[in-house]
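Both ligands and their constituent atoms are indexed starting at 1 by order of listing. Predicted model, so just to flag it, every value in this text is computed and none were measured.
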Amino acid sequence: MVTLKDLRREIAVIAVLVEEQIPQINSATRCEELRVQLLGRKGKVAQLFKLLGELSPQERPIAGQLLNELKEKVTAALAGRVTVLGSVAERSDFTTEWIDITLPGTYHPYGHFHPLSQVQQKIEEIFLRMGFTVVAGPEIETEYYNFEALNIPVHHPAREEWDSFYIDETHLLRAHTSPVQIRIMEEKKPPLRIICPGRCYRRDNQDATHSPVFHQVEMLWVEKDLSLANLKYIIELFVKEFFGERYQMRFLADFFPFTEPSIQVHIRSPHSTEWLEIMGAGMVDPIVFQKVGYDPEQVTGFAFGLGIERMAMLRYKIDDIRLFFQNDLRFLHQF
Ligand code: DAH
């Protein structure tokens, strides 16, 4: 027969064990093992609870209370120890896993715009500030827009200047951005102020200055009473903005079927004696106005076409057009 006294002794043994051993435990796993040993379903404290039935009705509540107190004591002591171990572990993490915040960060290279896109954007910016609108046209064109409407009839020798890629009898990859002039004028009534950047194609063999795919920007201003003086002003302003104040500019007579008169624009850098051609331009030919249904007696206009690659080559002093299309990062990273 178990007595209250026996139980008290057992409880005291466990209490001492708890007081002495728990503070020595140095892992959370060990704490859990001890918890199971003492408080688990088959643990020591559970066994003592089972003995309650053997006590007298008077002793039973006393013993029950003592056991409950023991259970709480064990639970609290183990939980306390686990907390202490946790914060110690954390502190040791701080010392073994420290981060050197003075180390340079990991470098993630940013992408950026291709130099040709940058030049195109720069040109667009200049003209947007002057009230122009940026428009686009198709890269696959009909002969009509690429040639005929621009006053370049079939068998006209000027067609050879725009040696083109034909897709079928009447369709070709546009050889210049000038056809967009026609499309816009067919769509809208004057006045108009547009620029059209875009890709063009010609059957040129690739070398340092030629590429079968290249880019142009077309400019067109149509309004009453425009003159060559207005065109000169616009081009001068553009050259100053794009190349810098100290660039010189000159006009030379030229021929384009869609302008009359036609000019060639040259620029010269302050450090050079050499004149370089930058664009073709001119006053829109009355025949072109007639083709789009404008009355040449009522409106005047001027236009130019320039090569974006050429602009980029002059601006950045690049001597081989092929560099723009090779996607060599050593080249591209410089812009
Ligand atoms: N389309 C011409 C070319 O590709 C360039 C050009 C010349 C465009 C005169 C024009 C212009 O708008 O007026 O060679």
Side-chain angles (χ1 to χ4, degrees), residues 120 123 127 132-139 141 143-153 156-165 172-186 190 192-204 209-223 226-235 238-239 249-267 276-289 291-292 294 296 299-311 321:
Q120 178 182 323
I123 297 170
F127 283 93
F132 283 74
T133 311
V134 180
V135 299
E139 287 178 27
E141 266 300 4
E143 271 195 312
Y144 178 77
Y145 286 104
N146 195 79
F147 291 125
E148 255 146 69
L150 290 161
N151 194 29
I152 317 168
H156 192 287
R159 280 209 184 185
E160 280 161 29
E161 261 185 65
W162 292 276
D163 196 1
S164 338
F165 290 108
L172 69 165
L173 297 175
R174 70 176 175 200
H176 48 180
T177 43
S178 299
V180 187
Q181 289 187 26
I182 306 298
R183 291 184 173 274
I184 289 293
M185 289 193 283
E186 280 182 349
L192 286 182
R193 237 182 296 174
I194 56 115
I195 60 162
C196 167
R199 216 175 279 141
C200 304
Y201 306 83
R202 282 185 207 173
R203 283 171 48 180
D204 284 328
T209 53
H210 293 87
S211 166
V213 182
F214 61 99
H215 302 77
Q216 285 190 336
V217 175
E218 192 80 11
M219 181 278 291
L220 173 70
W221 185 333
V222 181
E223 211 171 313
L226 291 175
S227 74
L228 203 60
N230 300 119
L231 173 61
K232 183 169 177 239
Y233 176 78
I234 293 287
I235 295 174
F238 167 70
V239 167
M249 186 184 99
R250 76 177 184 190
F251 280 10
L252 265 75
D254 201 344
F255 171 79
F256 298 103
F258 35 92
T259 45
E260 183 55 39
S262 303
I263 55 168
Q264 215 179 77
V265 181
H266 291 195
I267 57 161
L276 300 160
E277 186 192 338
I278 56 162
M279 63 171 81
M283 302 303 293
V284 178
D285 195 301
I287 296 172
V288 174
F289 280 146
K291 297 250 189 205
V292 298
Y294 283 10
V299 287
T300 51
F302 52 70
F304 73 56
L306 57 77
I308 297 182
E309 283 79 0
R310 189 158 175 80
M311 292 290 129
I321 197 172

Discussion item. If I take atom CD1 from residue I263 and atom CG from residue D254, how far apart are they, to the nearest 0.5 angstrom?
Written reply: 9.0 Å
Worksheet item: Taking the six-membered ring for Trp, are F304 and F127 ring centroids under 6.0 Å apart?
Response: yes
Practice prompt. Below 4.0 Å from any atom of ligand 1, which residues have a heavy atom? Give them in chain and number order, please.
Written response: W162, H176, S178, Q181, R202, Q216, E218, F256, F258, T259, G280, A281, G282, A303, F304, G305
Worksheet entry | Ring geometry between Y201 and F165 (parallel below 30°, tilted from 30 to 60°, perpendicular above 60°) | perpendicular
Fill in: R202: partners by side chain to side chain contact (heavy atoms under 4.5 Å, CB included), with sequence neighbours left out
W162, A175, H176, D204, F214, Q216
Item to complete: For the pair T300 (side chain) and E223 (backbone), establish whether a donor and an acceptor sit closer than 3.5 Å, ignoring hydrogens and angles.
Response: yes
Worksheet item: Is it true that the NZ or CZ of R174 lies under 6.0 Å from the centre of Y145's six-membered ring and within 45 degrees of the ring axis?
Response: no
